[in-house]
Number of protein chains: 2
Amino acid sequence: MADIKSGPNPLFLREEDLRQGIEMLFYAYRDFTAEPDAMLARIGLGRAHHRVVYFVGRYPSITVTELLSILQITKQSLSRVLSDLVEQEYIAQRPGTKDRRQRLLTLTDKGIELERSLSDAQRARIAQAYRAAGAAAVEGFRTVMLGIIDAEDRAKFPPPGKR
Amino acid sequence: MADIKSGPNPLFLREEDLRQGIEMLFYAYRDFTAEPDAMLARIGLGRAHHRVVYFVGRYPSITVTELLSILQITKQSLSRVLSDLVEQEYIAQRPGTKDRRQRLLTLTDKGIELERSLSDAQRARIAQAYRAAGAAAVEGFRTVMLGIIDAEDRAKFPPPGKR
DNA sequence: GAAATAAGTCAACATGGCTGACATAAAATC
DNA sequence: GATTTTATGTCAGCCATGTTGACTTATTTC
């Protein structure tokens with residue numbers, strides 16, 4: 001591998017720390033998605049399907065609008081993968097009771113099974129990393145990750161006391 | 001937003017912790033890439049170009065093979081974005097001295113400027129998160145992130161003593 | 001009754017992955 | 001020295017997943 005450029009930068013260590021932060025996110029995300037991607041490919045689905053199945057499992061009876069605001073994609077993009085998942089009976093839709101325009105989304109048993117098998121690899125990876133790192137490191141990890149995430153979404157991760 | 005499913009799981013907290021870990025990675029990566037993506041769109045480039053410019057900046061004189069092993073994509077995929085970057089003079093190629101089959105890649109001045117402007121937003125995001133979290137949390141963050149990254153790539157992140 | 005909202009649809013396009021087949025130059029090996 | 005391997009590049013086509021724009025339907029809100 002080529003050498004890392006150092007250069008006469010007085011803030012070298014700091015620059016280097018930030019670069020490492022950027023890269024850790026890149027490598028972690030790359031490795032984190034590799035296993036589910038391989039499983040999905042075998043059944044003709046993609047990462048986008050995983051994201052939908054994941055968040056419908058996470059928030060049963062979520063509406064389409066809520067899902068769109070989490071995924072931050074257009075409804076046309078969502079529509080494609082969501083239709084696949086409904087057709088193949090991973091996800092069921094039913095009208096909202098208060099607002100009948102809504103289509104509340106839930107996983108079917110088949111969907112629950114899919115979600116579990118996909119996310120198990122990811123859960124195992126996190127669990128192993130948490131176990132190896134210890135509770136204090138995990139708290140540090142959470143704190144930094146929250147700082148990276150846009151403020152609007154931080155409320156999704158309540159501190160331990162509130163969990 | 002729909003309620004979070006709890007259920008009668010004796011390991012509830014742990015399950016929930018793992019789910020939060022999964023989601024923090026999703027949200028962090030989503031928000032982390034949003035700003036550079038917007039800048040790239042304005043000049044007709046994409047996220048793939050950013051990755052190449054980033055790693056060529058990180059490892060000046062990197063070879064194509066080394067870059068492929070980092071990005072974990074095919075050479076055909078890399079070729080497309082790399083050709084764009086060479087044509088538009090963000091990246092320069094020169095033959096290796098020991099092995100003249102190699103094309104060593106370096107950023108031009110224009111490439112350095114592009115890389116800087118793209119990564120600045122990301123560096124600022126990391127810097128702010130690190131500052132807010134404090135040194136101990138940053139060490140925890142690093143430890144957990146390394147645990148998530150495949151073992152083969154952990155050597156890219158030497159501990160502070162060795163930096 | 002009119003306007004806004006939730007959801008969906010159709011069409012066209014861009015990006016960035018992929019496979020397969022093949023080409024060239026240089027290095028390494030027998 | 002001939003053969004094989006390696007580093008790189010190229011052409012062609014496919015697929016997944018994002019985009020914009022235009023338009024529809026049902027329902028709720030004003």
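Atoms considered below: every heavy atom in the structure, side chains included; atoms not considered: hydrogens, waters and symmetry mates. Quick note on labels: first sequence line is chain A, next is B, and so on, each numbered from 1.
- The aromatic rings of B/Tyr130 and B/Phe141 sit perpendicular, their planes meeting at an angle over 60°, well past the 30° parallel limit.
- For B/Leu40 and D/dT19, the CG to P distance is 15 Å, given to the nearest whole Å.
- Distance from the side chain of B/Arg101 is smallest to D/dA7 among D/dG18, D/dA7, D/dT27.
- To the nearest angstrom, P of D/dT17 lies 12 Å from CG of A/Leu71.
- The side chain of B/Arg100 lies closest to C/dA26 when the candidates are C/dA6, C/dA26, D/dT8.
- Ionic pairing of A/Arg125 and A/Asp120 is not present here: no N-O contact between side-chain nitrogen and carboxylate oxygen is shorter than 4.0 angstrom.
- Looking at the side chain of B/His49, the nearest of the listed nucleotides C/dG16, D/dT8, C/dG8 is C/dG16.
- A/Arg47 places its CZ atom 10 Å from the P atom of D/dG18, with the value rounded to the nearest Å.
- With contacts defined as side-chain heavy-atom distances shorter than 4.5 Å, the pair B/Leu45/B/Gln88 qualifies.
- Taking the six-membered ring where the residue is Trp, the centroids of A/Phe55 and B/Phe26 are separated by under 6.0 Å.
- Residues A/Arg58 and B/Glu23 are paired through a salt bridge, judged by an N-O separation under 4.0 Å between the basic side chain and the carboxylate.
- Taking atom CD1 of A/Ile62 as the reference point, atom P of C/dA7 lies 10 Å away to the nearest angstrom.
- Across all non-hydrogen atoms, the minimal contact from B/Ile91 to B/Leu107 is CG1-CD2, 3.8 Å.
- Taking atom CG on B/Leu68 and atom C1' on C/dG17, their separation rounds to 13 Å, with Å as the unit.
- Summarising the geometry, the separation between CZ on B/Arg51 and P on C/dT15 is reported as 15 Å, rounded to the nearest angstrom.
- Residue A/Arg103 places its side chain closer to C/dG8 than to any other of C/dG17, C/dG8, D/dA7.
- In this structure, B/Arg94 atom CZ and C/dA25 atom P are separated by 22 Å, rounded to whole Å.
- Taking the ring centroids of A/Tyr27 and B/Phe157, they lie under the 6.0 Å cut-off.
- The number of heavy-atom neighbours closer than 6.0 Å to CD of A/Glu113, taken from other residues, nucleotides and ligands shown, is 12 or below.
- B/Asp99 places its CG atom 10 Å from the C1' atom of C/dA28, with the value rounded to the nearest Å.
- For the pair B/Lys110 and B/Glu115, the salt-bridge criterion is not met [side-chain N within less than 4.0 Å of a carboxylate O].
- The C1' atoms of five pairs define one axis at each end of the helix from C/dG1-D/dC30 to C/dC30-D/dG1, and these two axes lie 30° apart (to 10°).
- Listed by residue number, B/Ile73, B/Thr74, B/Gln76, B/Ser77, B/Arg80 are the residues of residues 73-82 of chain B with a heavy-atom contact under 4.0 Å to DNA chain C.
- Between A/Gln72 and D/dG18, a side-chain N or O to OP1/OP2 separation shorter than 4.0 Å is absent.
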